[in-house]
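Below: one structure, written as structure tokens.
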Protein chains: 2
Amino acid sequence: MSGPIRQPSRTPTLADVAAAAGVSLSTASLAFSGNKPVSEATRGRVLSAAGSLGYTGPNPLARNLRQGRSGVVGIAVGPLSTAFRDPAALPMMDAVSQVLEDEGLGLLLMGDSAEHARLPLDAVIYQICGQETWAAYDDLVARGVPLVVVEGPAWPGATFIDIDHRRGAAEVATHLHDLGHRRVATLTLQESHPQREREAGLREVFPDAVRIGRCVSDLTAAQELTSAFLSEPTDVTAVVCQSDVQAAAVVIEARRRGLTVPDDLSVAGFDGVPTPWLDLELTTVVQPFAEKGRATATAALHRIEGEAVDDVVLPVTLHVGASTGRVST
Amino acid sequence: MSGPIRQPSRTPTLADVAAAAGVSLSTASLAFSGNKPVSEATRGRVLSAAGSLGYTGPNPLARNLRQGRSGVVGIAVGPLSTAFRDPAALPMMDAVSQVLEDEGLGLLLMGDSAEHARLPLDAVIYQICGQETWAAYDDLVARGVPLVVVEGPAWPGATFIDIDHRRGAAEVATHLHDLGHRRVATLTLQESHPQREREAGLREVFPDAVRIGRCVSDLTAAQELTSAFLSEPTDVTAVVCQSDVQAAAVVIEARRRGLTVPDDLSVAGFDGVPTPWLDLELTTVVQPFAEKGRATATAALHRIEGEAVDDVVLPVTLHVGASTGRVST
DNA sequence: TTGTATGCGTTATCAC
DNA sequence: GTGATAACGCATACAA
């Protein structure tokens with residue numbers, strides 16, 4: 001064999017392939033990218049040269065630098081164990097990753113450590129489920145990274161994807177009012193945009209709703225608060241929760257104390273997530289999770305392309321289940 | 001002001017900063033990376049020049065190319081909604097992301113689409129929960145990307161992190177045998193490495209265990225299989241499941257049919273995940289999730305450094321809860 | 001359809 | 001402690 005001596009330990013580059021195929025570097029590049037037409041013959045030569053050299057395709061790192069993109073979108077969710085414990089997070093993220101994957105982009109999980117500022121991200125989605133942390137925000141804005149905020153606070157420069165928390169909460173409250181309830185209690189989430197909106201919606205109908213407490217969307221935490229509340233005498237006939245997990249906790253704890261749902265106590269949730277371990281269909285406000293995820297990912301894609309993107313507020317729908325009933329007289 | 005005319009619309013580079021600070025490019029680089037000593041005075045000049053130019057630090061894309069690393073580790077989990085529906089996935093991934101984050105690395109979620117082969121990943125973790133798909137495997141191997149397989153099949157060249165499924169399953173089976181059980185049924189996972197091992201452990205003690213069925217670790221699916229099984233008369237006194245979610249389903253369905261657990265039927269699980277919505281502590285095999293995650297991430301880090309890494313098999317522990325009892329005579 | 005020539009923005013190697 | 005210079009591997013504008 002002729003030709004220059006091969007360095008066996010170096011991974012081949014596109015230049016090596018081009019040389020072996022007897023074409024120019026740019027032609028070899030086009031043979032892989034398909035960004036411009038290449039004759040079938042030369043493409044064949046390039047690909048077979050690549051094959052025999054063990055060339056596995058253009059180095060993503062080099063392409064990224066050249067194109068100024070990493071192909072990776074970050075999603076800030078906070079600590080994974082808490083972020084995903086909330087069943088409402090999953091279907092939404094699933095849709096996000098699906099849309100991105102279809103475009104060949106990857107989804108990178110970010111805690112909140114601001115460490116990830118050193119990673120090359122084409123855009124960042126904030127889906128922090130109420131934990132309103134800024135951490136890396138300033139840095140990302142300074143670097144011009146497009147930001148999409150899901151149900152979050154109004155950060156300047158970000159695109160917002162939201163649902164109509166307030167209307168949903170008002171609808172479920174109206175539903176209870178129609179059933180004759182007048183004295184209701186509420187279990188709220190931690191201080192956050194969704195919490196504020198949902199509570200505001202509730203108080204449009206029940207301005208004097210008693211707050212049982214405030215906790216994350218966690219069964220155990222919610223059950224403890226409910227237990228403390230129900231251990232004192234109360235004239236409340238309904239509990240409005242800000243998540244289905246909380247509502248399930250109220251149902252479980254109420255039953256544990258001998259109450260019947262909904263005869264003795266009506267319970268409403270929010271989200272519309274499956275609770276197959278509960279033998280009772282919750283009355284709740286159903287979010288369009290998939291649509292929310294798609295809207296989020298699509299917004300990120302558009303912003304990466306430099307396009308202007310409108311904020312989105314998606315509608316929710318009241319689902320009347322078996323956990324709410326007419327108030328007993 | 002003197003000097004060349006500034007292009008206002010171009011984001012500043014390290015060269016711009018160096019020029020503005022009156023130092024060389026390499027010195028400016030060192031001022032940011034700290035890879036070599038730089039006098040405090042010049043570092044100050046560099047940083048203040050960066051500040052006034054709005055330079056936000058070295059471009060990650062360029063650094064990645066130069067260093068041959070992306071700082072991103074992929075984790076193949078399949079479709080998110082199924083991957084995370086299994087509560088066993090969370091604490092493990094949490095530990096993985098924690099370890100990586102401490103090293104400044106990011107964690108990228110991969111479906112199984114092989115699309116992600118075009119992304120620059122420093123290593124890939126396969127945590128596919130029994131879905132034994134190869135998809136991108138060949139490609140990754142060809143590109144020399146280090147692979148870490150968690151509870152997976154024996155892929156050549158990969159590092160393996162596993163738990164002692166077989167011993168755990170045998171221990172829970174022995175526990176039941178000690179309680180007098182002789183006729184047991186089992187609910188198994190989909191065909192996979194964990195399933196095979198766990199079932200083998202069970203059959204060391206109960207070679208003739210009846211298989212109720214095979215399903216993913218999903219409450220509804222498991223409940224349906226159990227319902228079908230219990231609708232026929234049976235002399236089985238215990239059901240051994242391969243996940244806690246399955247076990248919870250068996251408990252729920254057994255009770256729905258008027259059986260008492262564990263008096264009429266003993267039920268055992270696997271994993272040791274919290275099931276706060278079940279008012280019964282499951283007898284189960286507890287996995288060291290956090291340790292598994294740390295071992296996985298650590299293995300990935302070492303392999304990225306080019307070091308050899310030993311496979312890991314972590315021990316499990318039997319936890320006797322209230323879902324198993326002495327067989328009634 | 002193909003080839004030539006730049007430059008993406010760094011970091012690392014060397015000399016000073 | 002600092003500076004000049006050479007890659008890193010590729011995609012594109014432009015010329016042929």
Side-chain angles (χ1 to χ4, degrees), chain A residues 7 9-47 49-50 53-71 104 117-122 143-145, chain B residues 7 9-47 49-50 53-71 104 118-122 143-144:
Chain A
Q7 305 271 0
S9 63
R10 200 171 56 75
T11 75
T13 78
L14 192 52
D16 299 328
V17 174
V23 302
S24 79
L25 179 56
S26 59
T27 300
S29 176
L30 294 177
F32 279 98
S33 72
N35 286 355
K36 282 191 173 183
V38 172
S39 85
E40 212 37 65
T42 54
R43 137 169 284 136
R45 290 223 307 289
V46 171
L47 294 181
L53 285 179
Y55 180 74
T56 54
N59 180 327
L61 259 25
R63 186 188 24 222
N64 286 351
L65 173 58
R66 182 59 232 250
Q67 300 187 330
R69 295 193 179 176
S70 65
R118 299 181 72 80
L119 294 174
L121 300 175
D122 290 347
R143 286 167 47 198
V145 178
Chain B
Q7 306 270 2
S9 63
R10 199 171 55 76
T11 75
T13 78
L14 192 51
D16 299 328
V17 174
V23 301
S24 79
L25 178 56
S26 44
T27 301
S29 177
L30 293 177
F32 278 98
S33 72
N35 286 356
K36 282 191 172 181
V38 172
S39 84
E40 210 38 65
T42 53
R43 138 169 284 136
R45 291 221 308 289
V46 171
L47 293 181
L53 285 180
Y55 180 74
T56 54
N59 180 328
L61 259 24
R63 186 190 18 227
N64 286 351
L65 172 59
R66 184 58 237 247
Q67 301 188 332
R69 294 194 180 175
S70 65
R118 299 181 71 83
L119 294 174
L121 301 175
D122 290 347
R143 285 168 48 196

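Only heavy atoms go into these numbers, but all of them, side chains included; no hydrogens, no water, no symmetry mates. Sequence lines set the chain letters: A, B, ... in the order given, protein chains first and strands last, and positions in each chain run from 1.
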Original post:
Between B:R43 and B:Q67, which has a closest nucleotide on DNA chain D that is more 5'?
Top reply: B:R43
**OP:** Measure the distance from CZ on B:R69 to P on C:dA12 and round it to the nearest whole Å.
**Re:** 11 Å
Original post:
Does the side chain of B:S26 get closer than 4.0 angstrom to OP1 or OP2 of D:dA4 through an N or O atom?
Top reply: no
Original post:
How long is the line joining CZ of B:F32 and P of C:dT10, in whole Å?
Top reply: 9 Å
Subject >> Any A:Y55 side-chain nitrogen or oxygen under 4.0 Å from OP1 or OP2 of D:dG9 >> reply: no
**OP:** Mind calculating the distance between CG (B:L14) and P (C:dC8) to the nearest angstrom?
**Re:** 13 Å
Original post:
Do the side chains of B:N59 and B:T13 get nearer than 4.5 Å, heavy atoms only?
Top reply: no
Original post:
Which nucleotide sits closest to the side chain of B:A62: D:dT2, C:dT10, C:dT2?
Top reply: C:dT10
**OP:** To the nearest Å, give me how far apart CZ (A:R10) and C1' (D:dC8) are.
**Re:** 11 Å
**OP:** Would you kindly give the CG-to-C1' distance between A:L61 and C:dG9, to the nearest whole Å?
**Re:** 13 Å
Original post:
Is there a donor-acceptor contact under 3.5 Å from the side chain of B:D122 to the main chain of B:S70?
Top reply: yes
Original post:
Heavy atoms under 4.0 Å, any strand shown: does B:S29 hit a base, just sugar-phosphate, or nothing?
Top reply: base
Original post:
Does A:T42 have a side-chain nitrogen or oxygen under 4.0 Å from the phosphate oxygens OP1 or OP2 of C:dT2?
Top reply: yes
**OP:** Taking only the side-chain heavy atoms of A:P58 (C-beta and beyond), determine which of C:dT10, D:dC10, D:dG3 contains the nearest atom.
**Re:** D:dC10
**OP:** Find the distance A:L65:CG to C:dT6:C1' and express it as a whole number of Å.
**Re:** 13 Å
**OP:** Would you kindly give the CZ-to-P distance between B:R63 and D:dA7, to the nearest whole Å?
**Re:** 22 Å
Subject >> Candidate nucleotides D:dG1, C:dT10, D:dC14, ranked by approach to the side chain of B:P37 - the nearest >> reply: D:dG1
Subject >> Along DNA chain D (nearest heavy atom to each residue), the more 5'-positioned of B:S39 and A:G57 >> reply: B:S39
Original post:
Quick one: does A:L65's side chain get under 4.5 Å of B:N64's, heavy atoms only?
Top reply: no
Subject >> B:R143 versus A:P60, closest heavy-atom pair with distance >> reply: NH2-CG, 3.9 Å
**OP:** Indicate yes or no: at least one non-hydrogen side-chain atom of B:V46 is less than 4.5 angstrom from one of B:V17.
**Re:** yes
Original post:
What is the distance from CG of A:L25 to P of D:dC14, rounded to the nearest Å?
Top reply: 18 Å
Subject >> Per B:T27 side chain, nearest of listed nucleotides C:dG9, D:dT2, C:dG3 >> reply: D:dT2
Original post:
Of all the nucleotides listed (D:dA4, C:dG3, C:dC14), which has the minimum atom distance to the side chain of B:K36?
Top reply: C:dC14
Subject >> OP1 or OP2 of C:dG3 under 4.0 Å from side-chain N/O of A:S24 >> reply: yes
Subject >> Shortest non-hydrogen contact from A:L53 toward A:P12 >> reply: O-CG, 3.5 Å
Original post:
Hey, is the side chain of B:N35 poking within less than 4.0 Å of OP1 or OP2 on C:dA12, counting only N and O atoms?
Top reply: yes
